[in-house]
Amino acid sequence: MSVKTPVQLDHERIRELTERESAKLDERTRASQRMYERARQSLSGGVASSYQSREPWPIYLTTGEGAVVHDTDGNRMWDFHNGFGSMVQGHANPAIVKAVSERMREGTHFAATTEDGVIVAEELKRRWGLDRWRLVNSGSEATVDAIRIARCFTGRGTIMKIFGSYHGHPAPVMVSIGVEYDRIGDRENYASLPYGAGIPAAVTELTIAVPFNDAGAMERRIIRLEAEGRKPACVIMEAAMMNLGVVLPEDGYLEEVRELTRRHGIVLIFDEVKTGLAIAAGGATERFGVRPDMVTLAKTLGGGLPAGAIGGTEEIMRVVEDGTVYQVGTYNGNPLGMAAARASLLEVLTPEAYRHLDALNDRIVSGCQAVIERYNLPGYTVGISAKGCVTFSPTKIVDYETFKANQDVPVTELAWLYNMNRGIFMTPGREEEWTLSVMHTPEAIDAYVAAFDEMARELTA
Ligand SMILES: Cc1ncc(COP(=O)(O)O)c(C=O)c1O
């Protein structure tokens with residue numbers, strides 16, 4: 001292992017390159033600029049979701065096929081954004097196109113369950129080893145309903161999450177995410193801080209955040225909450241955090257969390273909206289070998305259509321079956337989404353597909369790591385099947401505190417600009433990782449590594 005001290009990045013140079021690359025991207029995206037001027041007259045901020053906003057204007061896309069997308073200016077790009085990690089199947093995957101087209105002709109919505117919904121539940125049960133499932137339309141619906149089920153099952157109101165983790169936009173989980181570092185408070189007693197406005201304090205206070213990769217801190221907080229008469233109903237967490245780049249669980253951490261939540265009678269929910277179906281056939285649950293009491297899925301599940309799912313043990317899901325909790329939704333189990341999910345599970349996300357993703361992961365991780373070593377950059381590469389990132393930090397990120405303290409924001413933003421100007425469509429924002437698809441090729445990976453190499457060379461020249 002190299003023991004060289006990494007170079008100190010010159011922030012004046014980063015600023016210069018950022019200016020140059022921003023101007024270049026502006027030039028390449030004039031049709032997006034025009035679309036933005038039009039869109040903002042009717043769509044708030046010119047976008048359908050605030051996560052699609054960008055200064056000075058968002059990039060508007062037109063088509064996607066396989067591993068490639070086109071923007072409204074006609075730029076052709078390898079897609080490493082993949083719809084915030086949803087399109088592990090690749091765009092317009094033939095198996096999904098066929099299933100959805102056939103379903104389209106047979107009727108698209110009944111608010112009655114179709115056989116595809118049953119097949120999807122059977123396959124998820126097989127992959128996750130959880131007894132009972134419900135079908136929803138997004139990750140946010142999955143997490144908010146899972147929490148309500150856990151609250152009903154335990155008869156408690158307080159919930160626990162990991163500081164810095166994102167679980168969608170329902171108010172109970174819009175707490176303690178991207179907040180100012182100096183407001184997070186003492187590690188043993190993190191503050192409950194709303195993520196944006198419109199969330200009543202009464203809701204925020206019911207959500208308690210603890211640091212990732214620290215089972216001791218979690219248990220001590222649980223014991224204190226119990227003494228205050230507000231023991232949590234559940235711990236909702238990602239087994240590997242996927243919104244601070246990628247932060248993997250340290251050895252033994254998930255096992256300890258599993259053991260302590262069981263001992264304290266707290267429902268353990270793995271939010272697998274990002275990890276599920278992207279890092280293994282049975283998600284983080286299979287990959288790390290720790291089975292939670294409940295699981296939430298979305299993103300990759302629908303293969304490009306809005307679909308989500310909640311899995312749970314028979315005992316917990318009984319509160320749904322006996323009608324104590326109303327787990328409902330007009331579009332739940334929508335036939336189009338279920339046709340896509342069925343084709344995706346049975347025909348696309350096969351063992352062979354995961355072998356392909358793992359091979360691509362090895363190529364991108366070793367390629368990026370070689371660049372880091374060649375130019376002696378302060379950073380490292382993390383990859384796990386379809387997901388991964390380069391983390392620009394001289395020390396390992398293990399939780400939100402180390403992320404906030406060490407992450408190099410300007411260089412991460414510069415990396416995004418380099419990608420966009422060299423035919424790599426990447427998720428904007430330093431917290432995001434790449435998502436590979438089964439239709440990515442070694443050529444796509446090499447293009448990503450080449451863009452990174454060019455940045456590293458110019459940065460250190
Ligand atoms: C871990 C996790 N949970 C839940 C969600 C919410 O999913 P959706 O945007 O489909 O509501 C997200 C979205 O990024 C997520 O990353």
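All values derive from a computational prediction rather than experimental measurement. Index from 1, following the sequence. Start at 1 and go down the list; that is how both ligands and their atoms are numbered.
For a threshold of 3.5 Å applied to N or O pairs, the pair formed by Glu141 and ligand 1 contains no separation below that value. In terms of polar-atom proximity, defined here as any N/O pair under 3.5 Å, Ser140 does make such a contact with ligand 1. At least one N or O atom of Lys299 sits closer than 3.5 Å to an N or O atom of ligand 1.
Residue Phe84 places no heavy atom under 4.0 Å from ligand 1. Not a single heavy atom of Asn243 sits under 4.0 Å from any atom of ligand 1.
Counting only heavy atoms of the protein, atom 4 (C) of ligand 1 lies nearest to His167 C, 3.3 Å. Atom 3 (N) of ligand 1 has Asp271 OD2, 2.6 Å as its closest protein atom, hydrogens excluded (heavy atom only).
The aromatic ring centroids of Tyr448 and Phe80 lie less than 6.0 Å from each other.
Each of the atoms 6 (C), 7 (O), 8 (P), 10 (O), 11 (O) of ligand 1 lies under 4.0 Å from some heavy atom of Gly139. For ligand 1, the atoms lying closer than 4.0 Å to a non-hydrogen atom of Lys274 are 16 (O). The ligand atoms of ligand 1 that sit less than 4.0 angstrom from a heavy atom of Val273 are 2 (C), 3 (N), 4 (C), 5 (C), 7 (O), 12 (C), 15 (C). Heavy-atom proximity to Ser138, at under 4.0 Å, picks out these atoms of ligand 1: 10 (O), 11 (O). Heavy-atom proximity to Glu238, at under 4.0 Å, picks out these atoms of ligand 1: 1 (C). Listed by atom number, the atoms of ligand 1 under 4.0 Å from Gly168 heavy atoms are 4 (C), 5 (C), 6 (C).
Classification of the Tyr400-Phe163 ring pair by plane angle, with boundaries at 30° and 60°, yields tilted. Classification of the Tyr331-His109 ring pair by plane angle, with boundaries at 30° and 60°, yields parallel.
Salt bridge Arg148/Asp145: present, at least one basic N to carboxylate O contact under 4.0 Å.
Counting all heavy atoms, side chain and backbone alike, Gly64 lies closest to His91 at C-CB, 3.3 Å.
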Open item on the list: ring pair (Phe, Tyr, Trp, His ring centres under 6.0 Å) for Tyr51 and Tyr166? Distances and angles first, verdict last.
Closed with: CA-CA 13 Å; Tyr51 289 141; Tyr166 180 72; 5.6 Å; yes
TODO: Begin with the C-alpha distance, continue with both residues' side-chain angles, and end with the deciding distance and a verdict on side-chain contact (heavy atoms from CB on, under 4.5 Å) for Val257 and Leu268.
DONE: CA-CA 8 Å; Val257 167; Leu268 177 60; 3.8 Å; yes
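For the side chain to side chain contact (heavy atoms under 4.5 Å, CB included) with Thr300, the lone residue among Ile279, Val273, Thr275, Leu277 that qualifies is Leu277.
With a 4.5 Å cut-off on side-chain heavy atoms, Met237 and Lys161 do not count as touching.
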